[in-house]
Amino acid sequence: MDYKHEKSYEVCLCKHVTRGEVEDFIRRNRVTDLKVLCAQMNIGNKCGGCREDLEMILQETNAAL
């Protein structure tokens with residue numbers, strides 16, 4: 001398994017948010033848009049380095065719903 005697919009993977013280093021937290025938030029709030037996800041979780045808006053991973057997580061989580 002790719003480490004980026006582990007729930008403990010720290011996707012946003014600036015805000016210390018894990019993949020598991022992002023997945024749970026997407027499921028709970030039915031988020032489908034990256035800008036909405038970033039705004040609501042307050043992530044991906046400091047350095048922007050995690051936005052590609054956030055988009056991947058968003059697509060994979062919504063595909064599994």
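Below, all heavy atoms of this structure are taken into account, side chains as well, without hydrogens, waters or symmetry copies.
- A continuous path of hydrophobic side-chain contacts links Ile26 to Val36 [ILVMFWY only; heavy atoms under 4.5 Å].
- Cluster membership check: Tyr3 shares its hydrophobic cluster with Ile57, using side-chain heavy-atom separations under 4.5 Å among Ile, Leu, Val, Met, Phe, Trp and Tyr.
- Taking CD1 from Ile43 and CG from Leu13, the interatomic distance works out to 11.5 Å, rounded to the nearest 0.5 Å.
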**Study point:** Audit row: Thr32, Leu58, side chain to side chain contact (heavy atoms under 4.5 Å, CB included) steps and yes/no
**Key:** CA-CA 7 Å; Thr32 59; Leu58 187 64; 5.7 Å; no
Check your understanding: How far apart are the C-alpha atoms of Glu21 and Asp24, what are their side-chain angles, what is the distance that settles it, and do they pass the side chain to side chain contact (heavy atoms under 4.5 Å, CB included) test?
Key -> CA-CA 5 Å; Glu21 292 171 307; Asp24 291 345; 5.9 Å; no
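- In terms of the salt bridge (Lys or Arg N to Asp or Glu O under 4.0 Å) criterion, residue partners of Glu60 (sequence neighbours excluded) are, by chain and number, Arg19.
- Within the 4.5 Å cutoff, the side chain of Asn42 has heavy atoms near those of the Lys15 side chain.
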Practice item. Would you sort out whether Leu65 and Arg27 count as a side chain to side chain contact (heavy atoms under 4.5 Å, CB included), showing the intermediate values? Key: CA-CA 8 Å; Leu65 292 178; Arg27 285 188 198 102; 3.8 Å; yes
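- In this structure, CG on Leu54 lies 6.0 Å from CG on Leu34, to the nearest 0.5 angstrom.
- Between Val11 and Thr18 the shortest side-chain heavy-atom distance does not fall below 4.5 Å.
- Counting only distance, with no hydrogens or angles, the side chain of Asn62 and the backbone of Val31 share a donor-acceptor pair below 3.5 Å.
- More than 12 heavy atoms of other residues, nucleotides or ligands sit less than 6.0 Å from atom CD of Gln40.
- Enclosure of atom NZ in Lys35 is not indicated, since only 12 or fewer non-hydrogen atoms of other residues, nucleotides or ligands lie within 6.0 angstrom.
- Counting heavy atoms from C-beta on, the side chains of Phe25 and Leu37 come closer than 4.5 Å.
- No donor-acceptor pair closer than 3.5 Å links the side chain of Gln59 to the backbone N or O of Met56.
- Asp2 contributes a side-chain N or O that, together with a main-chain N or O of Lys4, makes up a donor-acceptor pair within less than 3.5 Å.
- If you take CZ on Arg30 and OG1 on Thr61, they are separated by 11.5 Å, rounding to the nearest 0.5 Å.
- Looking at every heavy atom in both residues, Gly44 comes nearest to Cys38 through CA-SG, 4.2 Å.
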